[in-house]
Amino acid sequence: MTAELVRGQNHPLSRSRVEIRVSAGTPVLALAHLGDDTGRLSGPGAVAHPGARTLPGLEVPGAASGQHRIAVDLDAVVPAVHRVGLVLVLPPGGPGHFGAVPASYVSVADPEGAELAGYTLTGLESETAVVALELYRRQGAWKVRAVGQGYAAGLGALLTDAGLPAPAAAELAAAALGTAPAGDITLAVMPGGPAPTVPRGLRAPATAQTPGQIPAPTPAPQDAPASSAPVPPPMPPAPGPETAGGPPTISYAHPRRRTSTEPPEPAPRPAAPPRPGEQPRPVAGDASGWSMEERLYNQVWGMFEDLARAVAAYRGAVEFADSRMDRELDEALSDPRHRLGGSGNAARDTARARREELVARAQEVLDRDLVQLTAETEVVEPALPAAYARWDSPVWQAHSVPAEAPLALRLGDLHLPERPDLRIPMLVRVPLERGLWIDNGRTGSEAAMAMDTDRLRRAAMDMAVAHAARMLAAHPADRFAVHVIDAAGAGAASLAPLVRAGVLAGAPAAGAAGVTETLERLTRRVDLVQMAVRAGAPEDLPPDVDTSDQLLIVHDFPHGFDDRAVTRLRYLADEGPAVGVHLLMVADRDEASAYGPLLDPLWRSLMRLSPVPDNHLADPWVHHAWIFEPDLPPQGSRVLDQALQRVAAARGGAR
């Protein structure tokens with residue numbers, strides 16, 4: 001039986017010799033690249049393309065075609081390679097983008113011809129190159145993952161994203177496509193890293209490109225776990241070469257977010273057209289999507305992109321102005337005529353004045369963009385559904401347990417130092433494909449170091465309980481079972497709302513015995529569900545296996561854990577999300593470091609959050625360090641208790 005995958009989903013491979021098949025609605029080039037355990041390419045030699053077709057273990061076709069078959073021998077892949085990616089590229093002279101042709105289908109088959117897994121590349125629009133799927137190592141075995149990561153800027157942007165320097169990527173792309181690289185285009189370098197999916201319709205539209213401007217590539221999810229971090233914003237325009245007539249041309253324009261033309265649900269009424277010289281008036285839900293919830297989700301991440309792009313353009317302009325001033329000052333000081341003739345001071349004043357003029361112009365554009373974004377947040381925030389809304393939003397007062405799962409959950413807010421009061425909701429797609437690590441340690445955070453240790457630990461556990469309550473309240477009543485490991489009982493005060501409402505699957509597990517029993521039960525569930533899925537017989541699960549999703553909250557780790565328990569926890573973090581077991585840990589990274597190599601893979605596989613404002617969430621696409629602030633119920637509010645009471649009542653009514 002063929003496993004039909006969706007974007008981000010993986011499937012184990014039982015064979016080391018497999019065949020990758022491609023069925024496209026138009027002739028495409030099929031390429032392959034080999035990456036390390038982070039997905040990075042070692043160099044141009046790690047890419048197989050029509051001009052250099054062979055790599056250890058595989059050979060790609062030499063021409064474009066609507067049908068491809070690529071034999072892969074995974075035993076022949078060198079040990080340093082952990083990922084084999086299949087790349088589809090539209091050749092020159094063909095259709096302009098994948099959105100203009102029927103969806104391609106890729107599959108992996110065994111040597112006898114039976115398909116093991118297949119994936120249809122839906123949701124593509126302006127992309128011209130796409131990473132369709134990847135074969136990757138995990139704990140000594142190989143798996144296949146549906147990727148669907150597209151790039152409107154083409155193969156060069158894809159290769160820079162995979163780790164090649166921009167010039168090498170441009171040269172390799174030209175060689176693969178049989179074209180000459182354009183001399184006036186600098187491809188954006190977008191380092192790899194865990195990232196969440198780019199929602200359909202959020203990709204930046206192709207725009208006209210001017211000399212010296214960085215094209216905005218359109219990344220989609222990178223290595224799993226996908227859809228767990230903020231959506232990568234397209235790269236901002238970069239300063240172009242200086243002209244004889246004045247400063248460089250710097251474009252601060254934001255690509256306009258597309259709107260749905262035929263949504264199943266009525267689109268929001270457009271705002272009145274702006275007067276001449278006015279900015280367009282924002283409207284809640286003006287992004288693309290099939291429902292208001294999806295449109296709002298896409299709009300929020302569009303706001304994130306716009307803020308990232310605006311600040312990146314401003315910072316780039318300031319950096320350019322500083323470097324030009326330094327260059328002009330060096331030239332003035334190195335010219336003996338300026339020193340002898342007394343004109344050095346005038347040259348320095350001129351250089352500083354030109355720098356201030358450039359910075360002032362950049363600040364003016366940034367202020368304009370931030371005013372528009374602030375106006376958009378003021379419109380969008382009140383329109384957000386409960387799953388996306390702050391705990392102090394009025395929507396929680398009228399909230400009822402939904403019949404369907406949401407697209408995403410809000411974890412907190414993100415902002416940048418240029419405008420601390422402009423907060424963008426941080427949404428994470430559900431079901432969670434990465435667990436969460438709420439760090440209750442004081443290392444590395446100024447805000448945490450200023451807090452009393454007990455207060456910090458209580459804040460971290462309160463944050464975990466708030467996330468669990470939101471997850472329960474935003475899903476159907478019977479969707480989640482929540483388990484708690486609190487080996488020392490130190491989290492009892494924070495856990496009180498969950499215990500009072502009776503929404504836990506059982507009493508919090510205490511002591512080493514409780515830790516062992518809980519982890520054994522959840523590990524058994526993961527094993528049984530995996531076997532049932534592989535056998536294609538999920539209805540044959542034992543009757544004592546709870547088929548609802550499971551959320552495990554671990555408090556005060558590593559208290560009560562031995563090496564075996566840590567290994568099981570790592571297993572749940574790696575394998576659990578694919579079969580509905582999700583992990584939320586509250587721990588101090590420094591205290592847990594005693595486990596060394598056992599802990600490191602677990603730490604890396606989870607998304608770290610902080611219970612206090614902290615800039616630990618790095619943005620590798622434009623190199624911003626986003627300040628994260630958790631979203632917690634207001635002091636003295638009963639909103640969390642009321643939400644949990646509704647969940648308990650809905651569960652009682654369903655029985």
*Asks:* Drop me the distance from Ser610's OG to Glu629's CD, to the nearest 0.5 angstrom.
*Replies:* 10.0 Å
*Asks:* Keeping the roles fixed (side chain from Thr377, backbone from Thr374), state whether a donor-acceptor pair exists under 3.5 Å.
*Replies:* yes
*Asks:* List for me each residue that meets side chain to side chain contact (heavy atoms under 4.5 Å, CB included) alongside Ala487, sequence neighbours excluded, and say none if there are none.
*Replies:* Val515, His559
*Asks:* Minimum heavy-atom separation for Ala284 to Val379, with atom names?
*Replies:* N-CG1, 3.4 Å
*Asks:* Got Ile438 and Pro611 here, is their nearest side-chain heavy-atom distance under 4.5 Å?
*Replies:* yes
*Asks:* Rounded to the nearest 0.5 Å, how far does CG of Leu644 lie from CD of Gln642?
*Replies:* 10.5 Å
*Asks:* Taking all atoms of both residues into account, what is the closest heavy-atom pair of Arg525 and Asp546, and its distance?
*Replies:* NE-O, 2.8 Å
*Asks:* So which heavy atom on Ala408 is nearest to which on Tyr388, and how close?
*Replies:* O-CE2, 3.3 Å
*Asks:* Taking the basic N atoms (NZ, or NE/NH1/NH2) and the acidic carboxylate oxygens, is any pair closer than 4.0 Å for Arg568 and Glu575?
*Replies:* no
*Asks:* Identify whether NZ of Lys or CZ of Arg in Arg429 sits under 6.0 Å from the centre of the six-membered ring of Tyr297 and within 45° of that ring's axis.
*Replies:* yes
*Asks:* Within a strict 4.5 Å, meaning less than it, do heavy atoms of the Leu552 and Val581 side chains meet?
*Replies:* no
*Asks:* Let's go through Asp36 and His82 carefully: what are the C-alpha distance in whole Å and the side-chain angles of both, what is the deciding distance for side chain to side chain donor-acceptor pair (under 3.5 Å) to 0.1 Å, and is it a yes or a no?
*Replies:* CA-CA 5 Å; Asp36 60 16; His82 288 255; over 6 Å; no
*Asks:* I'd like to know if the side chain of His399 and the backbone of Val395 have a donor-acceptor N/O pair within less than 3.5 Å.
*Replies:* no
*Asks:* Pairing donors with acceptors under 3.5 angstrom, does anything connect the side chains of Asp367 and Tyr314?
*Replies:* no
*Asks:* So how far is it from Trp142 CH2 to Arg83 CZ, rounded to the nearest 0.5 Å?
*Replies:* 10.5 Å
*Asks:* Rounded at 0.5 Å granularity, tell me how far NE2 in His582 sits from CD in Glu433.
*Replies:* 9.5 Å
*Asks:* Search all heavy atoms of His415 against all heavy atoms of Leu422 and return the closest pair with its distance.
*Replies:* CB-O, 3.3 Å
*Asks:* Less than 3.5 Å apart, which donor and acceptor atoms pair up between the side chains of residues 633-641 and the rest of the protein, not counting sequence neighbours?
*Replies:*
{"from": "Ser637", "atom 1": "OG", "to": "Val639", "atom 2": "N", "distance (Å)": "3.1"}
{"from": "Asp641", "atom 1": "OD1", "to": "Arg500", "atom 2": "NH2", "distance (Å)": "2.8"}

*Asks:* With a 4.5 Å limit on heavy-atom distance, are the side chains of His624 and Arg315 in contact?
*Replies:* yes
*Asks:* Are the charged groups of Arg423 and Glu381 less than 4.0 angstrom apart, N to O?
*Replies:* no
*Asks:* Heavy atoms, side chains only, cut-off 4.5 Å: are Asp306 and Gln372 in contact?
*Replies:* no
*Asks:* What heavy-atom pair brings Pro425 and Asp413 nearest, and what distance separates the two atoms?
*Replies:* CA-OD1, 3.8 Å
*Asks:* Checking the side chain of Arg434 only, and the main-chain atoms of Leu606 only, is there a donor and an acceptor separated by less than 3.5 Å?
*Replies:* yes
*Asks:* What I'd like to find out is whether the side chain of Ile553 reaches to under 4.5 Å of the side chain of Met461, using heavy atoms alone.
*Replies:* yes
*Asks:* Salt-bridge test for Arg390 and Asp631: reply yes if a basic N is under 4.0 Å from a carboxylate O, no otherwise.
*Replies:* no
*Asks:* Is it the case that the side chain of Ser393 and the backbone of Ala389 share a donor-acceptor pair, with hydrogens and angles ignored and the cut-off at 3.5 Å?
*Replies:* no
*Asks:* Do Arg309 and Leu307 have side chains that get closer than 4.5 Å, going by heavy atoms?
*Replies:* no
*Asks:* With a 4.5 Å limit on heavy-atom distance, are the side chains of Leu427 and Leu411 in contact?
*Replies:* no
*Asks:* Are Arg458 and Asp462 close enough for a salt bridge, meaning some N to O gap below 4.0 Å?
*Replies:* yes
*Asks:* I need the minimum non-hydrogen distance between Asp588 and Asp439, along with the two atoms involved.
*Replies:* CA-OD1, 3.7 Å
*Asks:* Does Glu418 reach the main-chain N or O of Leu370 with its side chain, forming a donor-acceptor pair under 3.5 Å?
*Replies:* no
*Asks:* How long is the gap from CD on Glu517 to CG on Leu522, to the nearest 0.5 Å?
*Replies:* 8.5 Å
*Asks:* Could you go through Asp574 and Tyr571, starting from their C-alpha distance and side-chain angles, then the distance that decides it, and tell me whether this counts as side-chain contact (heavy atoms from CB on, under 4.5 Å)?
*Replies:* CA-CA 5 Å; Asp574 289 340; Tyr571 177 76; 5.9 Å; no
*Asks:* Does Arg470 reach the main-chain N or O of Ala386 with its side chain, forming a donor-acceptor pair under 3.5 Å?
*Replies:* yes
*Asks:* When rounded to the nearest 0.5 angstrom, what distance separates CG in Asn298 from CD in Glu293?
*Replies:* 10.5 Å
*Asks:* Describe, in one word, how the ring planes of His616 and Phe628 are oriented to each other, choosing from parallel (under 30°), tilted (30 to 60°) and perpendicular (over 60°).
*Replies:* perpendicular
*Asks:* Contact between Leu519 and Ile485 at the side-chain level, heavy atoms closer than 4.5 Å - yes or no?
*Replies:* yes
*Asks:* Please name all residues satisfying salt bridge (Lys or Arg N to Asp or Glu O under 4.0 Å) with Asp549, sequence neighbours left out, ordered by chain then number.
*Replies:* Arg479
*Asks:* State whether Asp544 and Arg521 are salt-bridged, where the test is any N-O pair (Lys NZ or Arg NE/NH1/NH2 against Asp/Glu carboxylate O) under 4.0 Å.
*Replies:* no
